[in-house]
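In what follows, residues are counted from 1 in the order of the sequence shown. These numbers were taken from a predicted model, which means no experiment stands behind them.
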Amino acid sequence: LTQDDVKVFVNGEESLFSGEYSVPGPKPLDPLYSWIIPKSAYKDGYQVIEVVTSKGNMTVDWVEIMVICQTEQRLKT
């Protein structure tokens, strides 16, 4: 899977593909991928996630959002 294969939008904002992602077990058999959600997409309550593919039909097994807040200071170090 590459950034050209799938685009992910969260609350109408396009997210940046950041590649394959690994988690400690238990984990799914299929590979996991991550996207960086822009701050402009953050909101309280329900989130709308859209997955658009250029490869025809795809199956999405699972969608999960993990929010990691980083301050400007932490980003610089």
Side-chain angles (χ1 to χ4, degrees):
L1 189 72
T2 69
Q3 65 185 13
D4 296 326
D5 296 335
V6 175
K7 296 206 179 292
V8 173
F9 297 84
V10 177
N11 299 322
E13 301 284 337
E14 187 172 357
S15 300
L16 177 65
F17 181 74
S18 62
E20 198 161 340
Y21 184 73
S22 181
V23 297
K27 58 185 172 181
L29 296 175
D30 294 329
L32 301 173
Y33 298 94
S34 64
W35 283 260
I36 298 170
I37 301 169
K39 284 185 179 182
S40 57
Y42 294 179
K43 69 179 192 83
D44 291 336
Y46 292 99
Q47 311 303 312
V48 176
I49 300 168
E50 300 169 88
V51 179
V52 180
T53 178
S54 63
K55 296 291 184 184
N57 291 334
M58 287 184 90
T59 299
V60 175
D61 293 329
W62 186 262
V63 174
E64 185 172 327
I65 295 178
M66 178 174 61
V67 177
I68 302 172
C69 296
Q70 296 180 334
T71 64
E72 293 299 321
Q73 183 66 21
R74 284 185 60 197
L75 291 174
K76 292 178 183 175
T77 58

Residues two or more places apart in sequence or in another chain: which of them pass side chain to side chain donor-acceptor pair (under 3.5 Å) with Thr53? none
Return the set of residues passing side chain to side chain donor-acceptor pair (under 3.5 Å) with Ser15 (not counting sequence neighbours), or none when no residue passes. none
If the condition is side-chain contact (heavy atoms from CB on, under 4.5 Å), which residues does Asp30 pass it with, not counting sequence neighbours? Asp61
Could you tell me which residues satisfy side-chain contact (heavy atoms from CB on, under 4.5 Å) with Pro31, sequence neighbours excluded, listed by chain and number? Glu20, Tyr33
Other members of the hydrophobic cluster containing Val52, with the 4.5 Å side-chain heavy-atom rule, please. Phe9
Among Ile, Leu, Val, Met, Phe, Trp and Tyr joined by side-chain contacts under 4.5 Å, find the other residues sharing a cluster with Leu29 and list them by chain and number. none
With sequence neighbours left out, which residue pairs that include part of residues 2-16 fulfil the salt bridge (charged side-chain N to carboxylate O under 4.0 Å, His left out) condition? Asp5-Lys55, Lys7-Glu14
Any chain of hydrophobic side-chain contacts (each under 4.5 Å) joining [X] to [Y]?
X     : Y     : value
Tyr21 : Leu16 : no
Val51 : Ile37 : yes
Val10 : Val63 : yes

Roughly how far, to the nearest 0.5 Å, is CD1 of Ile49 from CG of Asn11? 8.0 Å
Heavy atoms of Trp35 and Ser18 approach each other most closely as N-OG, 3.9 Å
